[in-house]
Every structure is written in structure tokens, then in C-alpha cells.
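Chain identifiers are assigned alphabetically (A, B, ...) following the order of the sequence lines, protein sequences preceding nucleic acid strands; residue numbering begins at 1 within each chain.
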There are 2 protein chains.
Amino acid sequence: MTTNSGVPEVVVDRLPQYLRALSQLESSGIDVISSQQLGELLQVTPAQIRKDLSYFGRFGKQGRGYSISHLLGRLRNILGLDQTWNVAVIGVGRLGRSIISYPGFQPEGFRVVCAFDSDSGVVGQVAGGLTVYDFADYAEVAKRENVQIAIVAVPANVAQAVIDDLVAAGVKSILNYAPKSALTPADVRIRNVDPVVSLQSMTYYLSAR
Amino acid sequence: MTTNSGVPEVVVDRLPQYLRALSQLESSGIDVISSQQLGELLQVTPAQIRKDLSYFGRFGKQGRGYSISHLLGRLRNILGLDQTWNVAVIGVGRLGRSIISYPGFQPEGFRVVCAFDSDSGVVGQVAGGLTVYDFADYAEVAKRENVQIAIVAVPANVAQAVIDDLVAAGVKSILNYAPKSALTPADVRIRNVDPVVSLQSMTYYLSAR
DNA sequence: AATTGATTGTAAATAGATTCACAAACAGGG
DNA sequence: CCCTGTTTGTGAATCTATTTACAATCAATT
Ligand SMILES: NC(=O)c1ccc[n+]([C@@H]2O[C@H](COP(=O)([O-])OP(=O)(O)OC[C@H]3O[C@@H](n4cnc5c(N)ncnc54)[C@H](O)[C@@H]3O)[C@@H](O)[C@H]2O)c1
Ligand SMILES: NC(=O)c1ccc[n+]([C@@H]2O[C@H](COP(=O)([O-])OP(=O)(O)OC[C@H]3O[C@@H](n4cnc5c(N)ncnc54)[C@H](O)[C@@H]3O)[C@@H](O)[C@H]2O)c1
């Protein structure tokens with residue numbers, strides 16, 4: 001699947017891995033790395049790293065390798081991470097609250113700017129410093145707050161309906177925590193975070209066969 | 001990558017999706033489905049579903065489709081989900097606690113049977129009904145409790161060390177929540193749950209290009 | 001300034017995954 | 001009991017991804 005321009009989706013999905021490894025290398029003081037070394041670190045062949053990067057340009061130097069800070073900058077730019085992204089959380093229950101106060105998003109440029117629920121007992125409350133809006137007002141609030149990404153943390157049985165509403169409101173990227181694989185139009189990107197699915201594929205290999 | 005027997009890893013990774021969709025169909029009272037219909041529901045081609053299933057046997061009937069309850073049984077068996085799996089959680093901080101009390105594991109046959117931390121302020125506490133053990137005693141306790149799967153919820157900077165210890169103790173399946181891609185031997189399966197990585201690949205498509 | 005050793009970027013080859021396409025099988029009429 | 005309309009299971013074809021292999025390039029050294 002290339003889906004968009006000429007870059008295969010698998011390649012785009014590997015870039016954040018490279019980014020993370022390079023970040024760590026940078027903060028440990030190293031400033032040049034070869035595809036060989038990076039590959040060892042990530043369990044990926046050096047050729048794959050070079051080929052992946054070659055979709056976007058020529059970032060290395062023959063005989064030396066890649067300047068980590070330079071490559072980091074380029075990867076951030078390619079992935080659109082040289083800007084801040086505004087995120088909305090839908091569903092302010094146990095999970096929604098922990099997402100709102102998860103400190104891992106902010107440093108990576110993702111800012112939770114508003115939260116929504118449909119329960120009148122929750123709407124109007126303050127959670128993690130954010131006032132909870134009525135999900136019925138999503139389109140209006142999201143526009144005002146300039147939201148580009150929605151995180152869905154509602155019960156599975158309403159997930160599809162919520163996602164339909166989000167799509168109708170123009171959202172193009174959704175991170176879905178509900179254990180439900182939801183349907184979206186081809187131009188809307190959805191990623192599922194589901195630990196049970198991950199466990200279920202590992203047990204295949206654990207089972208005697 | 002086939003990694004083990006003749007079944008490609010991508011195929012195994014799709015089975016839990018099929019399982020989940022079929023479960024929902026079953027509870028909504030339907031009892032037969034064609035690859036065509038299931039494919040529409042999951043945004044997958046019917047041929048792919050049929051080919052995936054054909055790695056494991058012949059579960060359908062020409063002219064009719066698949067008996068949902070029968071196929072569910074077969075998929076559960078193939079994935080090793082007709083047994084209960086004992087899980088250990090490593091790192092009893094904010095995340096570790098929510099994992100321990102997450103109600104989504106139990107119904108799918110994953111039981112969190114013990115929890116570990118290295119902080120003496122946490123060891124001995126009770127969290128979600130479980131006494132927290134010292135991670136130094138992992139091998140012993142895990143053996144006694146018959147643990148087959150470990151969930152890692154420790155800070156990124158200690159994740160590799162913790163995972164090395166788990167591997168040394170004989171763990172073959174790890175679900176890692178730390179934002180760190182860790183190295184493991186080829187016979188140890190690791191899956192990462194990382195919402196930031198998912199977001200970072202979506203922003204690629206959001207960015208003007 | 002030539003030589004060495006390392007490493008990139010990529011074209012071509014290989015391997016792997018998906019889709020096509022159709023014979024075989026089955027249920028439900030008539 | 002024989003059509004008719006479906007839908008499976010799967011070999012072959014196609015498409016996609018990965019790996020190989022090497023010329024081009026660069027820094028360091030003599
Ligand atoms: N993927 C994961 O790691 C993970 C972890 C925990 C929970 N979950 C899932 O996340 C979801 C939420 O879990 P939770 O424990 O927070 O549940 P919860 O019941 O505590 O919270 C759900 C919230 O969604 C709200 N809600 C319901 N319908 C809504 C609608 N139509 N619009 C807006 N808000 C609505 C409810 O009012 C409630 O506040 C569940 O689907 C659960 O299975 C996933
Ligand atoms: N993937 C996700 O969705 C997600 C969400 C939240 C947090 N996280 C990550 O999960 C990890 C934990 O987050 P948290 O908020 O619970 O942090 P936390 O600080 O609250 O908890 C971490 C716990 O790990 C324990 N620990 C430290 N070193 C240990 C060791 N060597 N052995 C055993 N236990 C040890 C600490 O004592 C602490 O109790 C972090 O890496 C965080 O980035 C991931």
C-alpha cells in the first residue's frame with residue numbers, strides 16, 4: 001500500500017522508530033551513526049534503513065554515515081513533527097483521564113487541548129486542567145481550538161457512532177483505544193491501540209504446535 | 001517473515017481482528033457469514049480472509065460461508081485462546097496500576113496473577129488486589145505462579161535492563177509499554193504499545209506535502 | 001595527491017504478500 | 001433429482017517489499 005504519494009506505508013511506519021532511536025543516541029552524546037550501527041540497534045537491516053531514507057532524500061555521507069542531529073531534523077520535518085499538533089480526547093472516563101494527564105505526549109509535540117464526553121455528569125467537570133465539553137458541540141469547539149487529531153476512549157459499543165461523528169466533523173486522524181475495529185473513509189487515518197490484540201497474536205507462538 | 005512454521009506473521013496478526021469481529025457478530029445473533037461480508041466489515045478483501053484461513057484448514061462451506069460459532073472456536077484454538085494465560089506486570093506505577101485493574105484482559109483469557117516493582121516503597125503494597133513483589137524475586141515467583149507473559153510498565157531508561165532480566169528468567173512473550181524499542185533474542189516475542197509512535201506516523205499524512 | 005577503508009544510494013534480483021480467477025461443492029427451490 | 005445461484009479453497013499471476021551487490025563518494029593517512 002502506498003496510499004498517497006510514492007512512499008509505502010510500511011516505510012512511514014518505520015520512521016518514528018528511527019526517530020526515537022536517534023533521539024536517544026543524540027542525548028547520549030553520539031553525533032554520527034552508520035546504517036549498520038543503527039540497524040543493529042533496531043534489529044533492521046542496514047539496507048532497509050538506507051532504502052527507507054532514500055524515499056525522502058540523501059541524508060548521509062559516504063564513508064561516514066549520518067549526522068544524527070541533521071537526520072533527526074529531517075525526519076521530524078518529513079513526519080510533520082516540527083510543529084505542535086492539537087489533540088482532542090473523546091470519552092473522559094478512567095482511560096480518557098489518564099490520556100489527558102499522560103506526560104508522554106507534550107514533549108513529542110502533541111498537546112491535548114480539549115476533552116469531550118456525552119454524560120451530563122461529566123460534562124462541565126475539570127479533568128487534568130481541561131474543562132470537559134459536551135460531545136454534541138464537538139464540531140464547534142474543535143474548530144475553535146484548531147484540533148487536528150482525535151483520540152477515542154469511549155466504550156466499544158458507541159465507538160463506531162463517535163467515529164462517524166468525528167469524520168462528519170472533518171477529522172482526518174484518529175487514535176482509537178476502544179476494542180473495536182471501526183470503519184472510516186479512505187481519506188481518514190485510524191490507528192488502534194489495543195493490548196489484547198497484541199497479546200492474542202503472541203499466544204499463537206506460545207502455544208505448543 | 002514466517003519465523004516459525006509455514007504461516008506468515010502478518011497472517012497471525014490478522015487473526016485476532018477476525019476473532020473480534022466474529023465475536024461481535026455472534027453476540028448480535030448472526031450465525032453464518034461469507035468472506036465477502038466479513039471483508040466489508042473489516043476493510044479486507046474476501047480473498048485475503050479465505051487465504052489466511054486456508055493456512056490452518058478448511059472451515060467454510062461452499063455456497064454458504066462460515067459458521068460463526070464454529071470459526072470462532074477454531075480461531076480461538078489456533079491462537080491458543082482456549083486456555084487461560086497468566087500474566088505478570090512489571091512496574092507498579094500509574095500505568096502498571098491501571099493495567100492491573102483493566103477489566104479488558106480477564107474476559108479474553110488473560111489473567112494478571114502477579115506484579116513486580118523494584119522500589120521498596122511499592123514492594124509489599126497491595127495494588128488491585130495483588131501484592132507487589134520485589135522484581136529481584138521475579139524468576140522464583142513467576143515460576144510458582146506459572147507466568148507465561150510479562151507486561152512491562154517501567155520507565156524507558158530501565159526497560160532494556162528489565163527485559164534482559166525477563167529473558168534470562170525464560171519469558172518468551174513480552175508486551176512493552178515503555179517508549180523504547182528493546183532488543184530481544186529471536187525466540188522471544190515482543191510487542192510494543194506506544195500511542196506516540198502511532199500518532200507520529202499519522203502526522204505524516206496530515207502534513208501538507 | 002594518491003591510497004585505503006568505510007559507507008552511502010540505488011538498480012537489479014529475490015522473496016514475500018495479495019489478488020485474481022475458477023473448478024469444486026453445497027443449499028434451496030422447482 | 002436436477003437446475004440455479006452462491007461461495008469456498010487454492011494455484012497462478014500480480015503486486016509489493018526486502019535484500020543484494022556495487023559504483024560513487026568521502027575522510028583519513030601516507
Ligand atoms: N486500548 C487500551 O489500552 C484500553 C485501556 C483501557 C480501556 N480501553 C477502552 O477504552 C474505553 C474507555 O474505557 P474506560 O475504562 O475509560 O471506560 P469508562 O466507562 O470509564 O469511560 C468511558 C467514557 O466515555 C463516555 N461516553 C460514552 N458514550 C459517549 C459518547 N457517545 N460520546 C462521548 N463520550 C461518551 C462515558 O460517559 C464515559 O465517561 C473502553 O472501550 C475500554 O475498553 C482501552
Ligand atoms: N504506552 C502507553 O500507553 C503508556 C502510557 C503511560 C505510560 N507509559 C510508559 O510506561 C512507563 C511507566 O509509566 P508510569 O506513568 O506508570 O510511571 P511511574 O513512574 O508511575 O511508574 C514506574 C514504576 O516502575 C518502577 N520501576 C522502576 N525501575 C524498575 C525496575 N528496574 N524494576 C521494576 N520496577 C521498576 C518504579 O518503581 C515505578 O513504580 C513509562 O515508560 C511510561 O513512558 C506508556
Measure the distance from [atom1] on [X] to [atom2] on [N] and round it to the nearest whole Å.
| X | N | atom1 | atom2 | answer |
| --- | --- | --- | --- | --- |
| A/Q43 | D/dT18 | CD | C1' | 17 Å |
| B/Q48 | D/dC15 | CD | C1' | 13 Å |
| B/L38 | D/dG9 | CG | P | 13 Å |
| A/D52 | D/dT16 | CG | C1' | 13 Å |
| A/E9 | D/dT18 | CD | C1' | 17 Å |

In terms of side-chain geometry, is the basic nitrogen of [X] or [Y] positioned less than 4.0 Å from the acidic oxygen of its partner?
| X | Y | value |
| --- | --- | --- |
| A/R14 | A/D52 | yes |
| A/R189 | A/E9 | yes |
| A/D13 | A/R191 | yes |

* Between B/E26 and B/S23, does any side-chain donor sit less than 3.5 Å from a side-chain acceptor? ->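 No.
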* How about B/F59 and B/Y66: are their ring centroids closer than 6.0 Å? -> no
* CD on A/Q148 to NZ on A/K172, rounded to 0.5 Å ->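 The distance works out to 13.5 Å.
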* For B/T45 and C/dT18, is the shortest distance between a side-chain N/O and OP1 or OP2 below 4.0 Å? -> no
* Asked: Quick one: is D/dA17 close enough that its OP1 or OP2 comes under 4.0 Å of any side-chain N or O from A/R14?
  -> no
* Asked: In B/S/- notation, 5' to 3', how is nucleotides 3-14 of chain C contacted by protein heavy atoms closer than 4.0 Å?
  -> ---BBBBB----
